[in-house]
Amino acid sequence: MYDVCMSSLVMEDIDMWDTLLSWKEWLWPTLVLSLAVLAALACHFVIVTVLSYFSRRSASKVDDVLLRHLHRPVRWIMVAVAFRLALDPLDLPDGVRNLALMVFGLSFIALIAWLLIRAVYILNDVVTLRFQVDVKDNLRARKIHTQLRVLRQILVIVIVIIASASILMTFPKVRQLGTAILASAGIIGIVVGLAAQKTIGTIIAGLQIAFTQPIRLDDVVIVEGEWGRIEEITLTYVVVRIWDLRRLIVPITYFIESPFQNWTRTSADILGTVFLYVDHTVPIDAVRAELQKTLDASEAWDRKVCVLQVTNTSERTVELRALMSAADASLAWDLRCEVREKLVEFIRRDYPHALPRLRAELEKGVCS
């Protein structure tokens, strides 16, 4: 019995010693890989710190955009490269080495795709810095922003698809499956085309919007009887910000297939009208002079159009139309409200007899 116990204790000691040897075998590779990763992180930190220092002292904003978008993907690419370089001198089992190389390959493809996506955003931001939309004459800027918005989405989708396909093709079984699928690509293409007919049509409509541009970002439009501005354009839908801050979501095909009003298609200038209904005794020249005085004092008027005309008459009233111009639709709305208030107040104060009235005449000898 004693011999059996002693032999079991000896076997346990041997197993424990083998385990310790196993940990010792893994300790050196783990230490080397950890040091490689830390060295890559430290190197990235030093580079970013130096570049940030020079970026803050530079007047250009392009370097700020580059640092903001690239420092994260570049950091992990450096870590992946350091990990791969540290694998070569290590004496690892073939299975572990193959697994590590596969993980590195998949990670590197994903990181390159991430870097390319950030590069697309860099292009978008650099062009945005050059073409500002918060200026008075922003027609060209809105045109370029619209094209960039759609093209950016397309490029990101293409990069993701190519990266996903590259990752899948690294697996032999998936590669064989891909070969089999390509052999019957004609039939599958027809089936997919029929199934995704609406989706493909929507994407084509998005491309058509980007290049022909019936609408642009910040355009003033009337859609489904609602007045608003184009806030967002995607490959599948358009967001219209209505004047009361509601959002109208419209399929992008709507702007290809249905008529709508675009008040800023060629320029933001717009004419506004104010209608007044007054008595026939109204002094038109005095009202016209008051209109000119009101517009001269208003900051919303662009000093281009000021017209007052009698556009209609009835047995009770005269219709006066005041026509004025403004730099954009928002200013035109404010200007119309201001002119309407000032003219009504002017007629009520100086010519109260010219307000609309109902006349009646009593003849003598008529019994009730």
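Just so it is clear, the values below take in all heavy atoms, side chains as well, and ignore hydrogens, waters and symmetry mates.
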Pairwise side-chain contact, F260 with P214, heavy-atom cut-off 4.5 Å (strictly under):
yes
Please round to the nearest 0.5 Å and tell me the distance separating atom OG of S298 and atom CG of L331.
8.5 Å
Please find the pair of heavy atoms, one from A326 and one from L335, that lie closest to each other, and give the distance.
CB-CD2, 4.5 Å
Distance (rounded to the nearest 0.5 Å) between L308 CG and L276 CG
7.5 Å
Both conditions, 6.0 Å and 45 degrees, for the charged tip of R118 above the ring of Y121: are they met here?
yes
Under the salt bridge (Lys or Arg N to Asp or Glu O under 4.0 Å) rule, what do D279 and R316 come out as? Steps first, then yes or no, please.
CA-CA 7 Å; D279 190 71; R316 292 182 52 195; over 6 Å; no
Hey, does P73 have a side-chain heavy atom less than 4.5 Å from the side chain of W114?
yes
So, for Q213 and R216, which heavy atoms are closest and what is the spacing to 0.1 Å?
OE1-NE, 3.1 Å
Taking 4.0 angstrom as the limit, do R241 and E232 come out as a salt bridge?
no
For the pair E290 and K342, find out whether any cationic side-chain nitrogen is under 4.0 Å from an anionic carboxylate oxygen.
no
Single-linkage hydrophobic cluster V239~I252, side-chain heavy atoms < 4.5 angstrom
no
Side chain to side chain, L67 and L51, heavy atoms closer than 4.5 Å
yes
Is there a donor-acceptor contact under 3.5 Å from the side chain of R303 to the main chain of D296?
yes
Hey, mind stepping through Y254 and Y237 against ring pair (Phe, Tyr, Trp, His ring centres under 6.0 Å) and telling me if it holds?
CA-CA 9 Å; Y254 177 93; Y237 64 88; over 10 Å; no
State, with a plain yes or no, whether a side-chain heavy atom of R229 is found less than 4.5 Å away from one of I242.
no
Can you tell me how far apart CH2 (W243) and OG (S330) are? Round to the nearest 0.5 Å.
12.5 Å
Run through I161, L155, I159 and flag the one making a side-chain contact (heavy atoms from CB on, under 4.5 Å) with I157.
I161
Carefully, step by step, assess V240 and E231 under the rule side-chain contact (heavy atoms from CB on, under 4.5 Å).
CA-CA 5 Å; V240 181; E231 183 177 55; over 6 Å; no
